[in-house]
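Below is one structure, written out as structure tokens; the observations come after it.
So that the names make sense, note that chain A is the first sequence line, chain B the second, and so on, each numbered from 1.
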Protein chains: 2
Amino acid sequence: MKKFSNKTIARAFLYIRILDDRIQNKQKYISSQELSDISGLTDVQIRKDISLFGKVGKPRVGYDTKELRGFLEAFVLKSTVRAVLFGVGNLGQAILKYPGFQTEKIKIVAAFDKDSRKVGKKINGVAIYAMKDVSRVIHRSRAQIAIIATPSEASQEIAGIITKSGLKGIINFAPSSLVVPKGVSVRNIDLSIEFLSLFYDIHSSRKRRKS
Amino acid sequence: MKKFSNKTIARAFLYIRILDDRIQNKQKYISSQELSDISGLTDVQIRKDISLFGKVGKPRVGYDTKELRGFLEAFVLKSTVRAVLFGVGNLGQAILKYPGFQTEKIKIVAAFDKDSRKVGKKINGVAIYAMKDVSRVIHRSRAQIAIIATPSEASQEIAGIITKSGLKGIINFAPSSLVVPKGVSVRNIDLSIEFLSLFYDIHSSRKRRKS
DNA sequence: AACCAATCGTTACAATCTTCACGATTAAAT
DNA sequence: ATTTAATCGTGAAGATTGTAACGATTGGTT
Ligand SMILES: NC(=O)c1ccc[n+]([C@@H]2O[C@H](COP(=O)([O-])OP(=O)(O)OC[C@H]3O[C@@H](n4cnc5c(N)ncnc54)[C@H](O)[C@@H]3O)[C@@H](O)[C@H]2O)c1
Ligand SMILES: NC(=O)c1ccc[n+]([C@@H]2O[C@H](COP(=O)([O-])OP(=O)(O)OC[C@H]3O[C@@H](n4cnc5c(N)ncnc54)[C@H](O)[C@@H]3O)[C@@H](O)[C@H]2O)c1
């Protein structure tokens, strides 16, 4: 399989989202310039990204919205992403309640918590299981990735449970760095560091480009 | 002021967090190798990052934990980050309840919502105000950055309100790209794209490096 | 005192990512 | 049919980021 960089892939999903919106509005064509205005990226970057996948634009008119969307999806959207969640606390509940994680593209299929008062309940249709059921539930639900929303003290242990269950992708919200076997991908979403580095940004540079 | 890349700065905050932990445990010295094991970054990268700020390590022993922390903080931590939150929904409430955002380093000082049933309440000590009070409250609380946790339809309008109030930094959780005046920095935290691109990762590459 | 082993700091190198410059293409206008 | 202007696609240049190699330093050991 051909390799595209993470950054290109992330932007491709952004293009798809924009295209979905425009298709909804019955817009037939979109130019790299218009995509640039909407996304904040440069038009060249957009054309370059798209051209990595193949030639699909029409000179003088731009890209056919539906065609481009189908084109990009064929490369990046393999199937529905099925995720399980660890830690049904404040953040975990917000995630469970988010409609955007119960779509055809992304679906949270189960949640786990060590707190027995939460086990057995359902949030937004997603059942909360005890930790002893992890392996069974993951296999039965054919989950592909896991979300860690437990306290950071527990995150490494849970990462171990996740990888032992065979999952190859982890989104980690805990402010900790996980050690995982080779072949497992981890995305750390570290909000404190986002806040702090944004603040640094503001104070260090007075002349800045866009986002 | 000297310029360090965003990535270096983000890593510096990570180093500080690790150092805080080690200082708590009375550890006097730490080597780039040990920092590497903990963080998942390479030892070379760590030494390089630190050396950009200056010479502080001791050959043969490593870095003095307290000294290094003080050193890094002097460069990156200007003062407490004071943030305001827009949208006290599922995600917004999780953020308000998070103790990590009520520390000396990061403090959420006010929240806003258009829902009058939420206005007037307090969550974790943070008062929720009506939208008409934005400007006044932002100035009085001397907030420096804003968090957008409203539906994406409202995000652009709110970004306008934020920048009109003089804030120069925005953390945006809505799946939308904001248009902001020059000089304003935006960090988009787009969880759906994180999920999707992680999933792509898993399926495209079978031989991968660490996180 | 001399040596050794661990560790830092730095310069050179490599890889990745973005921007630039410009030719190719095509719809529309005349 | 020719011209024109908008737009795409892309190789080359440039910028940024990460890696490697290795000398410099120093605490401990013999
Ligand atoms: N809430 C936020 O806005 C926010 C922001 C940044 C980072 N985080 C991080 O996200 C994580 C979750 O935050 P939160 O605010 O939801 O915390 P929380 O305390 O509200 O919830 C944690 C949940 O994890 C469960 N849990 C604890 N140990 C467990 C274990 N070993 N196995 C299974 N479940 C376990 C608890 O029962 C609880 O339900 C934390 O690591 C936190 O640092 C949260
Ligand atoms: N919850 C999640 O896990 C999650 C995940 C990814 C992205 N997001 C994004 O984060 C944002 C918030 O998500 P949520 O789940 O908290 O949504 P939510 O619907 O629970 O909360 C939205 C809040 O914003 C308030 N609001 C709406 N319009 C407003 C306006 N014009 N001015 C002020 N306040 C306004 C509402 O009253 C409500 O309290 C959304 O853009 C969502 O797409 C959320």
Exercise for the section: Find the distance A/Ile50:CD1 to D/dT10:C1' and express it as a whole number of Å. Expected result: 14 Å
Practice task
Grab the CG-P distance between B/Asp37 and C/dT7 for me, whole Å please.
Solution key: 11 Å
Exercise for the section: Nearest whole angstrom, please: distance from the C1' of D/dG18 to the CD1 of B/Ile46. Expected result: 13 Å
Problem - Those residues that, when tested against A/Asp113, pass salt bridge (Lys or Arg N to Asp or Glu O under 4.0 Å) (two or more places apart) - result: none
Problem - Footprint string (nucleotides 24-30 of chain C, 5' to 3'): B base within contact, S backbone only, - free, heavy atoms under 4.0 Å - result: -BBB---
Completion exercise
Between CZ of A/Arg47 and P of D/dA6 the distance, given in whole Å, is 14 Å
Fill in the blank from the handout: Residues pairing under ring pair (Phe, Tyr, Trp, His ring centres under 6.0 Å) where one sits in residues 5-38 of chain A, two or more places apart or in two chains, turn out to be none
Fill in the blank from the handout: Rounded to whole Å, the NZ-C1' distance (B/Lys55 to D/dT25) equals 10 Å
Exercise for the section: Kindly say whether B/Gly169 contributes a backbone atom to a donor-acceptor pair with the side chain of B/Gln144 at under 3.5 angstrom? Expected result: no
Completion exercise
With sequence neighbours left out, the residues meeting ring-ring contact (aromatic ring centres under 6.0 Å, His included) with A/Phe173 are none
Handout entry: Residues which pass side-chain hydrogen bond (donor to acceptor under 3.5 Å, both in side chains) with B/Thr163, listed by chain and number, not counting sequence neighbours
Key = none
Exercise for the section: Would you mind reading off the distance between B/Asp64 atom CG and C/dC8 atom C1', rounded to a whole angstrom? Expected result: 14 Å
Exercise for the section: Round to a whole Å and report the spacing from CG of A/Leu68 to C1' of D/dG9. Expected result: 14 Å
Handout entry: salt bridge (Lys or Arg N to Asp or Glu O under 4.0 Å) involving B/Lys48 - partner list, sequence neighbours excluded
Key = none
Exercise for the section: For DNA chain D, determine which residues of residues 22-35 of chain A have any heavy atom closer than 4.0 angstrom to one of its atoms, and list them numerically. Expected result: A/Ser31, A/Ser32
Handout entry: Results of salt bridge (Lys or Arg N to Asp or Glu O under 4.0 Å) for A/Arg22 - residues two or more places apart only
Key = A/Glu34
Exercise for the section: Only counting residues at least two apart or in another chain, list the ones meeting side chain to side chain contact (heavy atoms under 4.5 Å, CB included) with A/Lys97. Expected result: A/Gln93, A/Ile123, B/Asn90
Handout entry: Those residues that, when tested against A/Tyr63, pass ring-ring contact (aromatic ring centres under 6.0 Å, His included) (two or more places apart)
Key = none
Exercise for the section: Go through the structure and list residues passing salt bridge (Lys or Arg N to Asp or Glu O under 4.0 Å) with A/Lys114, not counting sequence neighbours. Expected result: none
Handout entry: Candidate nucleotides C/dC8, D/dT10, C/dT10, ranked by approach to the side chain of B/Tyr63 - the nearest
Key = C/dC8
Problem - Side-chain heavy atoms of A/Ser185 within contact of A/Ile170, under 4.5 Å - result: no
Review item, nucleotides 11-18 of chain C N/O atoms under 3.5 Å of protein N/O:
unit_1: C/dA12; atom_1: N6; unit_2: B/Lys48; atom_2: NZ; d: 3.3
unit_1: C/dT18; atom_1: OP1; unit_2: A/Arg11; atom_2: NH1; d: 3.3
unit_1: C/dT18; atom_1: OP2; unit_2: A/Arg11; atom_2: NH1; d: 3.2
unit_1: C/dT18; atom_1: OP2; unit_2: A/Arg11; atom_2: NH2; d: 3.0
unit_1: C/dT18; atom_1: OP2; unit_2: A/Gln45; atom_2: NE2; d: 3.2

